[in-house]
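One structure below.
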Amino acid sequence: MAKKLTLVTGGAGLIGSQIIEDLNHNGNTDILVVDHLGTSEKWKNLQRNFFSDYYEKNQFASFLDSGHPILSEISEIYHLGACSATTEKDASYLMENNFHYTRKLAEFAVGRNIPFLYASSAATYGEGEFGYDDKAPIENLKPLNMYGYSKHLFDLYAKKTKIADKLVGLKYFNVFGYGEAHKGEMRSLVLKGYEQIRDTGKLKLFKSYKPEYKDGEQKRDFLYVKDASKISIYLLSERKYGLYNVGRGMAETWNDLASALFQAMKTQVNIEYVDMPDSLKGKYQYYTCADMDKLTKVGYPFGFTNLQDAIQEYVRLLELEAK
């Protein structure tokens with residue numbers, strides 16, 4: 001009998017590498033990793049994990065076109081590979097990378113009855129004018145940037161072609177944790193803040209331009225990467241198909257995050273509020289909070305790590321790495 005492989009695209013990324021680590025802990029090392037390493041330090045995330053083979057994303061795309069023999073060994077797919085830069089301006093690149101690649105892989109999976117999980121995004125909700133409810137119709141949503149739209153487009157495609165009920169789609173909210181150092185400007189504020197506090201003793205946060213929010217009181221649903229991974233593995237392994245929010249269902253402020261970070265680093269709170277770049281002003285979400293009823297109702301059993309504990313653990317890992 002042919003060996004069964006778990007395919008993880010974006011396997012060197014933040015969430016993908018954590019999923020592989022957790023699959024390893026569950027005894028699975030029969031994993032095929034697909035990613036685009038380029039010149040980044042992303043390869044370091046591969047070092048901590050065990051897997052069978054690695055392919056670049058373009059190479060694997062050609063396998064899908066040619067019907068390569070390795071495709072017959074794939075038994076489940078975690079598709080986390082994407083351009084995740086919310087500031088990416090090249091719309092054609094985002095369409096190819098986030099929409100067309102996902103569509104090709106999903107059609108392959110559905111055609112062979114292979115369980116398939118893909119990363120959508122909380123960015124699909126735009127300003128949140130229709131709320132953050134994963135049970136509500138998605139047709140009205142208006143993402144604020146091209147990244148969010150490229151993710152939204154596949155959600156719409158899956159619904160229109162009636163394959164959505166054969167897939168697990170995950171709208172990840174603000175995920176942070178160990179393994180994101182390669183992401184440049186897309187790193188979480190936890191990591192950027194850690195570096196700022198370490199180097200300067202203070203942390204910069206954006207000023208607010210809406211009177212109902214004080215500086216630093218803009219709110220996000222922050223999620224630890226270990227929880228994002230647990231939720232992903234649970235939903236795919238239990239075949240709980242559908243489109244889900246992946247957050248904690250709790251909105252906390254940037255000031256809350258800053259306080260937890262200063263506390264974890266045993267440093268006095270010192271925040272400087274700075275002007276937001278003009279390019280971000282019209283595309284900035286002031287509030288996100290995932291409605292998590294759907295995940296709860298399908299029986300997700302593991303709960304969530306609170307912000308303080310998650311940041312404490314993350315800072316400890318960063319300090320260990322620096323030694």
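Just so you know, residue 1 is the first one in the sequence shown, and it goes up from there.
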Worked check of side-chain hydrogen bond (donor to acceptor under 3.5 Å, both in side chains) between Y178 and E21: CA-CA 12 Å; Y178 188 75; E21 184 176 312; over 6 Å; no

Show, in sequence, the C-alpha distance, side-chain angles and deciding distance for L205 and D215, and conclude whether the side chain to side chain contact (heavy atoms under 4.5 Å, CB included) test is met. CA-CA 8 Å; L205 294 178; D215 291 342; over 6 Å; no

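- In the displayed structure, K135 atom NZ is contacted under 6.0 Å by more than 12 heavy atoms of other residues, nucleotides or ligands.
- The structure places CD1 of I20 at 11.5 Å from OG1 of T29, a figure rounded to the nearest 0.5 Å.
- N28 and T6 share a donor-acceptor pair across their side chains, judged by distance under 3.5 Å alone.
- Remark: of the listed residues N245, V246, L235, L235 is the sole one forming a side-chain contact (heavy atoms from CB on, under 4.5 Å) with L295.
- The number of heavy-atom neighbours closer than 6.0 Å to OH of Y209, taken from other residues, nucleotides and ligands shown, is above 12.
- Only one option out of F206, Y284, F222 pairs with W254 in a ring pair (Phe, Tyr, Trp, His ring centres under 6.0 Å); it is F222.
- Using a 4.0 Å cut-off between a side-chain N of Lys or Arg and a carboxylate O of Asp or Glu, E185 and K192 qualify as a salt bridge.
- Rounded to the nearest 0.5 angstrom, T296 OG1 and K294 NZ are separated by 12.5 Å.
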Using the rule given for side chain to side chain contact (heavy atoms under 4.5 Å, CB included), can you reason through Y172 versus L14, listing the C-alpha separation, both sets of side-chain angles and the distance that settles it, and then say yes or no? CA-CA 12 Å; Y172 293 107; L14 171 61; over 6 Å; no

Give the C-alpha distance, both sets of side-chain angles, the deciding distance and a yes or no for ring-ring contact (aromatic ring centres under 6.0 Å, His included) between Y224 and F176. CA-CA 5 Å; Y224 195 31; F176 68 92; 5.6 Å; yes

Does the pair L105 and F116 meet the rule for a side chain to side chain contact (heavy atoms under 4.5 Å, CB included), with working shown? CA-CA 9 Å; L105 199 51; F116 180 86; 3.7 Å; yes

Could you walk me through whether T253 and D256 pass the side-chain hydrogen bond (donor to acceptor under 3.5 Å, both in side chains) test, one step at a time? CA-CA 5 Å; T253 69; D256 292 331; 3.2 Å; yes

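- Residue P115 comes nearest to S75 through the heavy atom pair CD-O, 3.3 Å, listed as atom of the first residue, atom of the second, then distance.
- Judged by distance alone, the side chains of E212 and Y287 never bring a donor and an acceptor atom under 3.5 Å apart.
- For the pair R112/S72, a side-chain contact is recorded, criterion being any heavy-atom separation below 4.5 Å from C-beta on.
- To the nearest 0.5 Å, the span separating SG on C83 from CD on E96 amounts to 12.5 Å.
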What donor-acceptor contacts under 3.5 angstrom involve side-chain atoms of residues 136-143, with partners at least two apart or in another chain?
residue, atom, partner, partner atom, Å
E139, OE1, K159, NZ, 3.2
E139, OE2, K159, NZ, 3.0

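- In this structure, I15 CD1 and L223 CG are separated by 8.0 Å, a value rounded to the nearest 0.5 Å.
- Within 6.0 Å of the NZ atom in K204, the count of heavy atoms belonging to other residues, nucleotides or ligands does not exceed 12.
- Here the side chains of Q263 and I311 are not in contact, with every heavy-atom distance at 4.5 Å or above.
- Ring geometry for F302 against Y234 counts as perpendicular: the plane angle is over 60°, on a 0 to 90° scale with 30° as the lower cut.
- Two residues are said to be in side-chain contact when any heavy atoms from C-beta on lie closer than 4.5 Å; N45 and D35 fail this criterion.
- Pairing each heavy atom of V190 with each of L261, the nearest pair is O-CD2, 3.6 Å.
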Could you list the donor-acceptor pairs under 3.5 angstrom formed between side-chain atoms of residues 264-272 and any protein atom two or more places apart in sequence or on another chain?
residue, atom, partner, partner atom, Å
T267, OG1, M265, O, 3.0
N270, ND2, G201, O, 3.4
E272, OE1, K202, NZ, 2.9

Under the criterion side-chain hydrogen bond (donor to acceptor under 3.5 Å, both in side chains), I'd like the reasoning laid out for H36 against E56: C-alpha separation, chi angles, the key distance, then a yes or no. CA-CA 5 Å; H36 175 58; E56 280 285 310; 2.8 Å; yes

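- Placement of F173 and M186 in two distinct hydrophobic clusters is found when ILVMFWY residues are connected by side-chain heavy-atom separations under 4.5 Å, directly or transitively.
- Considering only heavy atoms from C-beta on, V225 stays 4.5 Å or farther from Y314 through its side chain.
- Nearest approach of V8 to G16, heavy atoms of both residues: CG1-O, 4.1 Å.
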Working for side-chain hydrogen bond (donor to acceptor under 3.5 Å, both in side chains), residues Y118 and N98: CA-CA 10 Å; Y118 74 94; N98 293 4; over 6 Å; no

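- Between R248 and D227 no salt bridge is recorded (no basic side-chain N to carboxylate O distance below 4.0 Å).
- F50 and Y78 fall into different hydrophobic clusters, where Ile, Leu, Val, Met, Phe, Trp and Tyr are joined by side-chain heavy atoms under 4.5 Å apart, directly or via other members.
- Salt bridge annotation for D22-K230: absent, with no cationic side-chain nitrogen under 4.0 angstrom from a carboxylate oxygen.
- A tilted orientation is assigned to the rings of H152 and Y149, their planes being inclined by 30° to 60°.
- When every heavy atom of I233 is checked against every heavy atom of S237, the shortest pair comes out as O-OG, 2.7 Å.
- In this structure, CZ in F99 is found 4.5 Å from CG in L153, a value given to the nearest 0.5 Å.
- Two residues are said to be in side-chain contact when any heavy atoms from C-beta on lie closer than 4.5 Å; S52 and L32 fail this criterion.
- Remark: K171 is positioned above the aromatic ring of Y125, its terminal NZ or CZ atom under 6.0 angstrom from the ring centre and at most 45 degrees off the axis.
- Atom OG of residue S279 and atom NZ of residue K89 lie 5.5 Å apart, to the nearest 0.5 angstrom.
- Contact annotation: the side chain of Y132 never approaches that of D221 to less than 4.5 Å [non-hydrogen atoms, C-beta and beyond].
- Between D30 and K4 there is no side-chain heavy-atom pair separated by less than 4.5 Å.
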Show the numbers, then the answer: is there a side chain to side chain contact (heavy atoms under 4.5 Å, CB included) between K226 and Q18? CA-CA 7 Å; K226 290 189 175 181; Q18 185 63 53; 3.9 Å; yes

Salt bridge (Lys or Arg N to Asp or Glu O under 4.0 Å) for E321 and R48? Distances and angles first, verdict last. CA-CA 12 Å; E321 184 183 55; R48 70 184 209 251; over 6 Å; no

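- Within 6.0 Å of atom CE in M250, 12 or fewer heavy atoms from other residues, nucleotides or ligands are found, so the atom counts as exposed in its surroundings.
- No side-chain heavy atom of E88 sits less than 4.5 Å from a side-chain heavy atom of Y147.
- Taking every heavy atom of both residues into account, G193 and L203 meet most closely at CA-CD1, 3.3 Å.
- When all heavy atoms of K42 and A12 are compared, the closest pair comes out as CG-O, 2.9 Å.
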